[in-house]
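Comments concern the structure below.
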2 protein chains.
Amino acid sequence: MIIVLNMKRRLTPQREAILELIGSSDRHWDAESIAKMLARKGRAIGLATVYRGLAVLEEEGLIHAIQLTDGKKRYERAGKEHHDHFICKLCGSITEFSHPAEARILEHLSRETGAVVHGHEFVVFGVCASCREAS
Amino acid sequence: MIIVLNMKRRLTPQREAILELIGSSDRHWDAESIAKMLARKGRAIGLATVYRGLAVLEEEGLIHAIQLTDGKKRYERAGKEHHDHFICKLCGSITEFSHPAEARILEHLSRETGAVVHGHEFVVFGVCASCREAS
DNA sequence: GTCACTGCAAAAAGTTTGCACCCGC
DNA sequence: GCGGGTGCAAACTTTTTGCAGTGAC
């Protein structure tokens with residue numbers, strides 16, 4: 001069940017379906033997977049609408065975008081505490097992690113350079129434990 | 001002047017031109033900028049050849065690829081000590097930085113999860129000092 | 001009735017691939 | 001002369017845009 005207040009833009013049925021999908025899982029969704037999954041659930045939405053919906057939902061802070069090392073943008077539910085991503089090169093799985101030292105790095109950067117930091121993305125790649133065992 | 005030994009693939013004049021361009025600057029080049037710059041220098045190379053050349057040079061470890069938050073891949077000269085990137089949202093400038101705590105984060109991740117870390121990318125975005133002053 | 005939203009199809013932007021030709025070894 | 005390299009054009013992938021139609025308020 002989703003309750004959203006104070007949106008500048010409308011929460012249409014399509015956008016609600018997208019939000020529901022992303023918000024109720026811990027997956028990292030790309031636009032096409034969303035369109036396909038909704039279609040499979042009998043709730044097909046035009047791909048362009050998915051892209052536009054994702055942009056709106058992100059603007060509203062209801063979902064969070066990440067850019068991994070492949071071309072495509074992924075979206076995850078907002079409201080998690082900040083975290084980074086580890087991607088397994090073999091199975092493609094995405095694991096989240098975080099470390100307190102990260103905040104200190106950003107503070108240090110800001111203090112040294114005078115820049116204002118708005119956001120960051122820390123993507124680590126390698127081979128996950130289960131793929132390592134399997135090989 | 002470039003001296004390269006022990007390449008598995010050939011260092012053709014085209015590849016040498018690309019390597020020379022990237023290797024002699026501290027810029028972060030995308031494929032099209034390379035093609036345009038070489039053309040401007042009277043050394044035009046087909047865009048597909050640039051892409052293929054970049055892939056070969058990266059395989060050989062002669063250049064280093066980074067994926068920022070926009071779609072395109074950038075390349076920088078190899079052999080620098082490891083560093084991360086700060087991108088100014090306003091002027092698009094890319095600044096390099098590094099912090100010793102980063103290594104500790106990766107060690108910690110590896111120890112906790114059992115994953116093998118091959119690489120990582122830490123991209124920070126915000127507004128750089130000079131854009132901040134200018135506005 | 002207006003204005004935002006949708007869906008389709010077309011266009012962009014970045015990258016890859018197919019193919020004929022060419023060149024170095 | 002073989003295998004790798006080049007250049008062009010065509011294909012592909014992800015994302016954006018134009019536009020006519022639709023529906024909410």
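The analysis underlying the following values was restricted to heavy atoms, covering all of them including side chains, and did not include hydrogens, waters or symmetry mates. The shown structure was predicted, so the numbers you read here are calculated from the model rather than taken from an experiment. In the text below, chain A, chain B and the rest are named by the order of the sequence lines, each starting its count at 1.
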Starting from [atom2] on [N], measure out to [atom1] on [X] and report it in whole angstrom.
X	N	atom1	atom2	value
Lys72(B)	dT15(D)	NZ	P	15 Å
Glu32(A)	dT15(D)	CD	P	9 Å
Ile18(B)	dG5(D)	CD1	P	12 Å
Leu11(B)	dG4(D)	CG	P	17 Å
Glu16(B)	dT6(D)	CD	C1'	16 Å
Met7(A)	dA24(D)	CE	C1'	15 Å
Lys8(B)	dG5(D)	NZ	C1'	18 Å

Practice task
Have a look at Arg15(B) and say if it touches a base, only the backbone sugar-phosphate, or nothing, with a 4.0 Å heavy-atom cut-off.
Solution key: sugar-phosphate

Heavy-atom donor-acceptor pair, [X] side chain to [Y] backbone, under 3.5 Å:
X	Y	value
His118(A)	Val116(A)	no
Arg15(A)	Leu57(A)	no
Ser33(A)	Trp29(A)	no

Practice task
Would you indicate, yes or no, if dG4(D) has its OP1 or OP2 atom less than 4.0 angstrom from a side-chain nitrogen or oxygen of Thr12(B)?
Solution key: no

Practice task
Report yes if some heavy atom in the side chain of Leu109(B) is under 4.5 Å from a heavy atom in the side chain of His99(A); otherwise report no.
Solution key: no

Exercise for the section: Pull out every residue in residues 38-51 of chain A that has a heavy atom closer than 4.0 Å to any atom of DNA chain D, ordered by number, or say none. Expected result: Leu47(A), Ala48(A), Tyr51(A)

Exercise for the section: Would you grab the first and last nucleotide of DNA chain C (5' to 3') that comes under 4.0 Å of any non-hydrogen atom in chain B? Expected result: dG14(C) to dG24(C)

Practice task
Could I get the full list of side chain to side chain donor-acceptor pair (under 3.5 Å) partners for Arg74(A), not counting sequence neighbours?
Solution key: Asp70(A)

Handout entry: NZ (Lys36(B)) with more than 12 external heavy atoms under 6.0 Å
Key = no

Exercise for the section: Before accepting this row, confirm whether a basic side-chain N of the pair Lys80(A)/Glu96(A) lies closer than 4.0 Å to the acidic partner's carboxylate O. Expected result: yes

Exercise for the section: Give a yes or no on whether a salt bridge exists between Lys8(A) and Glu59(A), defined as a side-chain N under 4.0 angstrom from a carboxylate O. Expected result: no

Practice task
Determine whether any donor atom in the side chain of Arg52(B) lies under 3.5 Å from an acceptor atom in the base of dG4(D), or the reverse, and answer yes or no.
Solution key: no

Exercise for the section: Apply side-chain hydrogen bond (donor to acceptor under 3.5 Å, both in side chains) to Asp84(A) and His82(A), showing your working. Expected result: CA-CA 7 Å; Asp84(A) 305 305; His82(A) 172 77; 3.1 Å; yes

